There are 2 protein chains.
Amino acid sequence: MGKQVTEMLKGTLEGIVLAILAGRPAYGYEITSWLRDKGFTEIAEGTIYALLIRIEQRGYVDVEKVPSEKGPPRKVYTLNADGQAYLDEFWTTWSFLSERLEQLRKGDS
Amino acid sequence: MGKQVTEMLKGTLEGIVLAILAGRPAYGYEITSWLRDKGFTEIAEGTIYALLIRIEQRGYVDVEKVPSEKGPPRKVYTLNADGQAYLDEFWTTWSFLSERLEQLRKGDS
DNA sequence: ACCGGTAGATAGTGACACTGAATAGCGGCG
DNA sequence: CGCCGCTATTCAGTGTCACTATCTACCGGT
């Protein structure tokens with residue numbers, strides 16, 4: 001893989017993180033580990049933190065500082081109503097794109 | 001839709017165009033019209049031409065100038081071996097991403 | 001005292017799609 | 001004839017997003 005994934009993630013990584021947060025609240029480091037587990041081995045730590053700050057500024061998540069037993073305090077992110085709405089929109093957009101791509105792959109051109 | 005699609009297209013639009021060219025040779029204006037037909041109404045003309053120049057410079061396509069009955073000569077693009085290899089890679093990357101996304105949507109988190 | 005693991009922040013870079021406008025050839029209509 | 005509309009391509013400037021690389025900071029164990 002490599003650069004191709006990087007470009008394809010633009011616009012989708014945000015949705016991926018919001019989808020994770022829809023399942024349960026989480027903090028940055030946790031999300032990064034989870035992504036690595038799921039095969040996204042190439043996603044840099046810094047990328048996730050930058051993304052989290054972005055969605056926080058847009059008001060898609062609520063933030064709470066929670067002291068950690070190990071290391072500095074965690075910033076725990078929780079999806080709010082605006083974030084859920086944006087996530088719904090994301091899935092609609094994804095479905096649209098996904099369907100066209102599958103048609104194309106089948107040679108329906 | 002709107003901006004969300006735009007960001008999601010990064011990295012995939014290139015694959016879409018190559019997939020079209022895998023079916024048959026085509027020129028820019030034709031590809032744009034085809035995309036609009038298929039629901040990609042928001043893709044700007046300029047975007048496609050810029051993309052075509054890019055994939056030409058990378059050597060994924062062969063180019064032939066064909067005089068047109070109407071308007072200036074067409075630049076007809078044909079997918080070559082390198083392009084086909086890149087397209088195969090694209091589908092692999094797409095499958096990877098697509099599978100994780102579907103898992104996420106099903107709440108497999 | 002140091003190191004490894006946990007946790008987060010940030011400045012600079014590159015790639016890609018969009019906007020908006022310009023150029024150019026051709027046919028038809030008044 | 002002159003202008004409009006359709007076909008067809010090009011290009012300069014913009015914004016967004018993920019990456020790289022680096023830095024700060026807290027903790028436990030050796």
Side-chain angles (χ1 to χ4, degrees), chain A residues 1-18 25-36 40-58 60-61 63-77 86 90 93 97, chain B residues 1-18 25-36 40-58 60-61 63-77 86 90 93 97:
Chain A
M1 312 263 173
K3 212 161 52 112
Q4 241 182 7
V5 183
T6 295
E7 285 309 318
M8 240 184 257
L9 278 175
K10 289 188 183 175
T12 52
L13 185 54
E14 206 172 277
I16 290 171
V17 170
L18 290 176
Y27 54 97
Y29 192 82
E30 194 182 5
I31 293 171
T32 306
S33 312
W34 188 90
L35 287 171
R36 293 209 200 289
F40 294 103
T41 51
E42 313 181 32
I43 294 178
E45 296 231 26
T47 300
I48 298 300
Y49 289 115
L51 191 156
L52 287 170
I53 288 170
R54 209 166 64 226
I55 63 177
E56 180 188 351
Q57 282 172 348
R58 293 213 198 121
Y60 295 154
V61 286
V63 187
E64 196 191 355
K65 276 222 167 163
V66 177
S68 161
E69 309 98 40
K70 296 189 107 181
R74 296 165 176 164
K75 279 179 76 177
V76 176
Y77 294 84
Y86 184 81
F90 169 80
T93 306
L97 192 58
Chain B
M1 313 265 171
K3 214 164 50 118
Q4 243 183 4
V5 183
T6 296
E7 286 308 320
M8 237 184 259
L9 278 175
K10 289 185 181 178
T12 51
L13 184 55
E14 204 172 279
I16 290 171
V17 170
L18 290 176
Y27 53 97
Y29 192 85
E30 193 182 5
I31 294 171
T32 306
S33 313
W34 189 90
L35 287 172
R36 293 210 201 287
F40 295 103
T41 51
E42 313 182 32
I43 294 176
E45 296 231 28
T47 300
I48 298 301
Y49 288 112
L51 193 156
L52 287 170
I53 287 170
R54 210 165 64 227
I55 63 177
E56 179 188 352
Q57 282 172 349
R58 293 214 198 118
Y60 295 153
V61 287
V63 186
E64 196 191 354
K65 277 222 168 163
V66 177
S68 162
E69 310 98 42
K70 296 190 104 179
R74 299 165 174 164
K75 280 178 76 177
V76 175
Y77 293 85
Y86 184 82
F90 169 80
T93 305
L97 192 57

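Worth knowing before you read on, the calculation uses all heavy atoms, side chains too, and leaves out hydrogens, waters and symmetry mates. Throughout, a chain's letter reflects where its sequence line sits, starting with A, and its residues are numbered from 1. These figures come from a predicted structure and were not determined experimentally.
Without hydrogens or angle criteria, B:Arg36 side chain to B:Ile43 main chain gives a donor-acceptor distance under 3.5 Å.
In terms of heavy-atom proximity, B:Gly28 sits nearest to B:Ile48 at O-CG2, 4.1 Å. Across all their heavy atoms, A:Glu7 and B:Gly11 have their closest contact at CB-CA, 3.8 Å. Of all non-hydrogen atoms in A:Phe40 and B:Leu97, the two that sit nearest each other are CE2-CD1, 3.9 Å. Shortest non-hydrogen contact noted between A:Ile55 and A:Leu18 is CD1-CD2, 3.9 Å.
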Q: Take nucleotides 19-27 of chain C nucleotide by nucleotide from the 5' end and write B, S or -, depending on whether a protein heavy atom sits under 4.0 Å from the base, only from the sugar-phosphate, or from neither.
A: B----BBS-
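Of all nucleotides in DNA chain D, those with any atom nearer than 4.0 Å to a heavy atom of chain B start and finish, going 5' to 3', at D:dT7 to D:dC17.
In this structure, B:Leu51 places its CG atom 9 Å from P of C:dC16, rounding to the nearest Å. Between the C1' atom of C:dA9 and the NZ atom of A:Lys65 lies a distance of 10 Å, rounded to the nearest Å. Between the CD1 atom of A:Ile48 and the C1' atom of C:dG8 there is a distance of 13 Å, given to the nearest Å. Straight-line distance from the NZ atom of A:Lys10 to the P atom of C:dA17: 9 Å, rounded to whole Å. Going from atom OH of A:Tyr77 over to atom C1' of C:dA9 covers 10 Å, rounded to whole Å. Remark: P of C:dT10 and CZ of A:Arg54 are 15 Å apart, rounded to the nearest angstrom.
Nearest-nucleotide positions on DNA chain C for B:Leu13 and A:Tyr49 put A:Tyr49 closer to the 5' end. Where B:Lys75 and A:Thr6 each meet DNA chain D at their nearest nucleotide, the meeting point lying more 5' is that of B:Lys75.
A:Leu9 is listed as a side-chain neighbour of A:Ile16, based on a closest heavy-atom distance under 4.5 Å. Using a 4.5 Å heavy-atom threshold, the side chains of B:Tyr77 and B:Leu52 count as touching.
Side-chain atoms of B:Tyr60 and B:Glu14 include no donor-acceptor pair closer than 3.5 Å.
Using a 4.0 Å cut-off between charged nitrogen and carboxylate oxygen, B:Lys75 and B:Glu56 count as a salt-bridge pair.
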